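Remarks on the structure that follows.
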Amino acid sequence: MIERSIRTVKTECTRRLMLVPFCLAAFQHELALYFFWYNGYRPHSRLGGATPDEVYHRQRRACRAPHLEPRPRWPRRSPCAAPQALIRGQPGAKLDLSVRFHAERRHLPIVTLKRAA
């Protein structure tokens with residue numbers, strides 16, 4: 001279990017940094033930013049698409065909230081879609097993809113979808 005966690009930190013955090021800080025305080029700061037992103041924004045397949053914060057605080061999972069559907073002929077309650085979630089509005093919505101980065105770190109993306117105007 002610990003080895004898997006260390007591998008995840010290496011591949012998603014330290015190996016993606018342009019310069020790995022040698023100062024202990026700076027390295028701890030980078031790890032703190034990563035773990036905040038990891039627990040709050042990164043969905044986990046083992047948790048059914050939820051984040052650890054959603055599970056721990058018993059919040060409504062973002063993957064279960066009504067979502068926008070870009071495919072115009074997609075059935076509202078398709079049995080092959082997992083997890084099952086309602087579609088907000090009509091299928092065929094035009095979407096804008098917004099990508100921002102946690103604490104301006106390019107290796108910590110926060111992706112949101114919005115209905116296009």
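These figures come from a predicted structure and were not determined experimentally. Numbering starts at 1 and runs along the sequence shown. Basis for what follows: all heavy atoms, side chains included, without hydrogens, waters or symmetry-related copies.
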Verify, without hydrogens or angle tests, whether [X] (side chain) and [Y] (backbone) share a donor-acceptor contact under 3.5 angstrom.
X     : Y     : result
Arg16 : Thr11 : yes
Arg61 : Leu47 : yes
His44 : Tyr38 : yes

Which value, rounded to the nearest 0.5 Å, describes the distance between [X] atom [atom1] and [Y] atom [atom2]?
X      : Y      : atom1 : atom2 : answer
Arg15  : Arg7   : CZ    : CZ    : 10.0 Å
His67  : Arg88  : NE2   : CZ    : 9.5 Å
Leu68  : Lys114 : CG    : NZ    : 12.0 Å
His102 : Leu33  : NE2   : CG    : 4.5 Å
Cys23  : His29  : SG    : NE2   : 11.5 Å
Leu108 : Glu30  : CG    : CD    : 8.0 Å

Query raised in the report: Between Val20 and Phe35, is there a shared hydrophobic cluster once you connect ILVMFWY residues whose side-chain heavy atoms come closer than 4.5 Å?
Result: yes
Requested in this report: Verify the cluster assignment for Phe101 and Trp37: are they in a single hydrophobic cluster under the rule of side-chain heavy atoms below 4.5 Å apart?
Outcome: no
Where is the tightest heavy-atom contact between [X] and [Y], given as atom of each residue plus distance?
X     : Y      : answer
Arg42 : Thr51  : O-CG2, 3.6 Å
Val99 : Pro109 : CG1-CB, 4.4 Å
Leu31 : Cys13  : CD2-SG, 4.3 Å
Pro21 : Ala26  : CB-CB, 3.6 Å
Val9  : Tyr34  : CG2-CE2, 3.9 Å
Gly49 : Pro43  : O-CB, 3.5 Å

Report task. Would you mind reporting whether Arg73 and Arg71 have side-chain heavy atoms less than 4.5 Å apart? Result -> no
Query raised in the report: Does some side-chain heavy atom of Phe27 sit less than 4.5 Å from a side-chain heavy atom of Thr14?
Result: yes
Report summary line: For Leu113, the side chain to side chain contact (heavy atoms under 4.5 Å, CB included) test, sequence neighbours excluded, returns Leu95, Leu97
Query - side chain to side chain donor-acceptor pair (under 3.5 Å) partners of Thr8, counting only residues at least two apart - result: Arg4
Query raised in the report: Are there more than 12 heavy atoms of other residues, nucleotides or ligands under 6.0 Å from atom CZ of Phe36?
Result: no
